[in-house]
Amino acid sequence: FEPLIDFKKKTGVKVIVDYDDMMWATGLPKYNGCLRPERAEKYRKDMEEYLPELADIVTCSTEYLKEALGCFHDDVRVFPNCLAAKEWSFGIRPLPSSSKFFYAGSPTHYSNERKLYGDWTIPWVNFVKLAGIKVMGSQPPWFLEGYGERCPFVYPNGYARALLRNTEDCGFVLATLEDNAFNRAKSDLKYLEASAIGRVALVSEFPGSPYTHAHPLQKVPQNAGIKEIEAIVQKAADNYGEILKYQYEYLSGRWLDNWIPK
């Protein structure tokens with residue numbers, strides 16, 4: 001922050017600082033290797049000392065983050081995550097050929113090194129092993145080793161098309177999250193992506209979840225057992241068209257093209 005403050009003084013430019021994740025709070029999940037207590041403490045001190053002087057405006061993607069950032073700056077504004085039509089507008093898509101699951105994630109949501117399940121639960125793991133799963137990412141979860149199909153890591157400029165292609169034979173996109181401060185600060189971006197590719201997302205339900213506004217039939221309680229998961233998945237499959245329609249309508253309010261003027 002110090003060099004940026006010097007630059008601002010010399011040039012008179014305006015500075016906007018954007019926060020995409022909560023990295024400074026106490027009690028952050030241990031399975032995420034990026035979230036170390038000593039780092040969080042340093043971030044917090046630096047934000048307290050420098051952010052008011054450096055930033056003319058602070059932006060973030062959720063109301064939860066805005067509230068948390070209000071401790072450090074007086075002018076915090078929410079710019080919700082959106083999808084650009086040129087990348088994500090695929091139109092209505094044919095229904096999937098199977099009901100297996102698709103998961104795109106990184107080791108910030110589990111720990112291969114420390115063998116931690118992270119945002120997954122054991123009932124979910126056991127369920128998808130039986131139902132079938134396809135995993136996309138650079139380091140697939142350790143607990144799915146030997147199960148399902150692997151899709152390679154994709155860079156951002158090819159991500160939307162890869163997601164569309166890789167979910168052709170998948171019925172559900174899995175977006176599980178543990179109830180913690182880091183995840184309550186997350187946006188509903190995974191939900192928007194699932195909506196754009198025409199696949200039903202199954203999301204975690206807890207107070208303050210990023211998926212609070214999802215359809216009731218696609219929400220899975222935090223501590224659901226395997227029988228409860230099975231029943232919810234079956235009900236979601238039985239009402240697939242209704243949930244898809246709900247998702248498309250939700251996405252219609254989050255196209256970047258419509259938000260740019262704001």
Side-chain angles (χ1 to χ4, degrees), residues 1-9 13-81 103-121 135-144 153-156 159 174-191 193 203-204 206-211 222:
F1 282 165
E2 284 178 334
L4 284 173
I5 290 172
D6 289 341
F7 178 76
K8 182 179 178 179
K9 287 175 180 175
V13 298
K14 300 280 186 184
V15 175
I16 298 172
V17 178
D18 180 76
Y19 284 85
D20 183 56
D21 276 326
M22 181 180 283
M23 308 288 283
W24 64 88
T26 55
L28 293 170
K30 294 179 181 178
Y31 58 80
N32 186 334
C34 301
L35 306 176
R36 297 176 186 167
E38 64 274 14
R39 283 186 184 174
E41 181 63 25
K42 184 183 187 313
Y43 294 154
R44 196 160 48 249
K45 285 180 178 176
D46 285 349
M47 289 164 75
E48 287 171 352
E49 184 175 353
Y50 299 116
L51 200 58
E53 185 180 2
L54 171 63
D56 294 280
I57 296 168
V58 174
T59 62
C60 60
S61 56
T62 68
E63 291 292 338
Y64 187 90
L65 269 175
K66 177 182 177 179
E67 188 176 333
L69 287 162
C71 302
F72 305 102
H73 202 277
D74 293 332
D75 192 351
V76 184
R77 308 182 192 185
V78 176
F79 282 43
N81 276 333
Y103 176 75
S106 74
T108 58
H109 293 277
Y110 46 84
S111 175
N112 289 346
E113 183 183 352
R114 299 169 66 189
K115 298 294 185 283
L116 298 174
Y117 285 89
D119 287 334
W120 288 72
T121 64
V135 178
M136 179 176 168
S138 58
Q139 299 174 51
W142 62 273
F143 43 81
L144 293 176
F153 171 82
V154 177
Y155 285 99
Y159 181 72
L174 198 53
T176 55
L177 290 176
E178 187 184 69
D179 182 1
N180 56 52
F182 181 75
N183 285 334
R184 286 192 292 276
K186 285 280 185 190
S187 80
D188 55 1
L189 187 57
K190 290 273 186 198
Y191 190 76
E193 292 173 356
V203 301
S204 298
F206 53 84
S209 162
Y211 309 119
Q222 187 71 58

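Only heavy atoms go into these numbers, but all of them, side chains included; no hydrogens, no water, no symmetry mates. Computed from a predicted structure; not experimentally measured.
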Please name the pair of heavy atoms, one in Ala68 and one in Trp24, separated by the smallest distance, quoted to 0.1 Å. CB-CZ2, 4.0 Å
For Pro80, give me all partners under side-chain contact (heavy atoms from CB on, under 4.5 Å), at least two apart in sequence or on another chain. Val78, Arg254, Trp259
Sequence neighbours left out, what passes side chain to side chain donor-acceptor pair (under 3.5 Å) with Asp179? Give chain and number order. Arg184
Ignoring hydrogens and angles, write down the donor-acceptor pairs under 3.5 Å from the side chains of residues 57-64, residues two or more places apart or on other chains.
residue: Thr59; atom: OG1; partner: Asp18; partner atom: OD1; Å: 2.6
residue: Thr62; atom: OG1; partner: Leu65; partner atom: N; Å: 3.1
residue: Thr62; atom: OG1; partner: Ala185; partner atom: O; Å: 3.3

So Tyr211 and Tyr191, would you call those rings parallel, tilted or perpendicular, with 30° and 60° as cut-offs? tilted
Exercise: identify the closest heavy-atom pair between Ser209 and Ser204: OG-O, 3.1 Å
Taking atom CG as the centre, does Asp6 end up with more than 12 heavy-atom neighbours from other residues, nucleotides or ligands that are less than 6.0 angstrom away? yes
Hits for ring-ring contact (aromatic ring centres under 6.0 Å, His included) against Phe7, two or more places apart or cross-chain, chain-then-number order -> none
Output all residues satisfying side-chain contact (heavy atoms from CB on, under 4.5 Å) with Leu54, sequence neighbours left out; order by chain, then residue number. Phe1, Leu4, Ile5, Val15, Val17
As an exercise, state the distance from CG of Leu35 to CZ of Phe182, rounded to the nearest 0.5 Å. 5.0 Å
Among residues at least two apart in sequence or on other chains, which ones pass side chain to side chain donor-acceptor pair (under 3.5 Å) with Asp21? Lys186
Nearest-0.5 Å distance, CE of residue Met47 to CZ of residue Phe72: 4.0 Å
Which atom pair, heavy atoms only, marks the closest approach of Asp188 to Pro210? CB-O, 3.5 Å
side-chain contact (heavy atoms from CB on, under 4.5 Å), that's the test. Do Tyr103 and Trp120 meet it? Break it down for me. CA-CA 11 Å; Tyr103 176 75; Trp120 288 72; 3.6 Å; yes
Quick one: list whatever passes side chain to side chain donor-acceptor pair (under 3.5 Å) with Asp75, sequence neighbours left out. Arg77
Residues in side chain to side chain donor-acceptor pair (under 3.5 Å) contact with Arg44, at least two apart in sequence or another chain: Glu41
May I ask you to decide if the ring planes of Phe143 and Tyr110 are parallel, tilted or perpendicular, using 30° and 60° as cut-offs? perpendicular
Which pairs would a plain distance check flag for residues 112-119, meaning a side-chain donor or acceptor within less than 3.5 Å of a matching protein atom at least two apart in sequence or in another chain?
residue: Asn112; atom: OD1; partner: Trp142; partner atom: N; Å: 2.8
residue: Asn112; atom: ND2; partner: Pro140; partner atom: O; Å: 3.0
residue: Arg114; atom: NH1; partner: Lys30; partner atom: O; Å: 2.9
residue: Lys115; atom: NZ; partner: Asn112; partner atom: O; Å: 3.1
residue: Asp119; atom: OD1; partner: Tyr31; partner atom: OH; Å: 2.4
residue: Asp119; atom: OD1; partner: Glu178; partner atom: N; Å: 3.0
residue: Asp119; atom: OD1; partner: Asn183; partner atom: ND2; Å: 2.9
residue: Asp119; atom: OD2; partner: His109; partner atom: ND1; Å: 2.5

For Gly33 and Arg39 the tightest heavy-atom approach is O-NH1, 4.5 Å
Between Cys34 and Thr108 the two heavy atoms that sit nearest each other are SG-CG2, 4.1 Å
To the nearest 0.5 Å, what is the distance between SG (Cys71) and CG (Leu51)? 11.5 Å
So, for Glu53 and Lys8, which heavy atoms are closest and what is the spacing to 0.1 Å? O-NZ, 3.3 Å
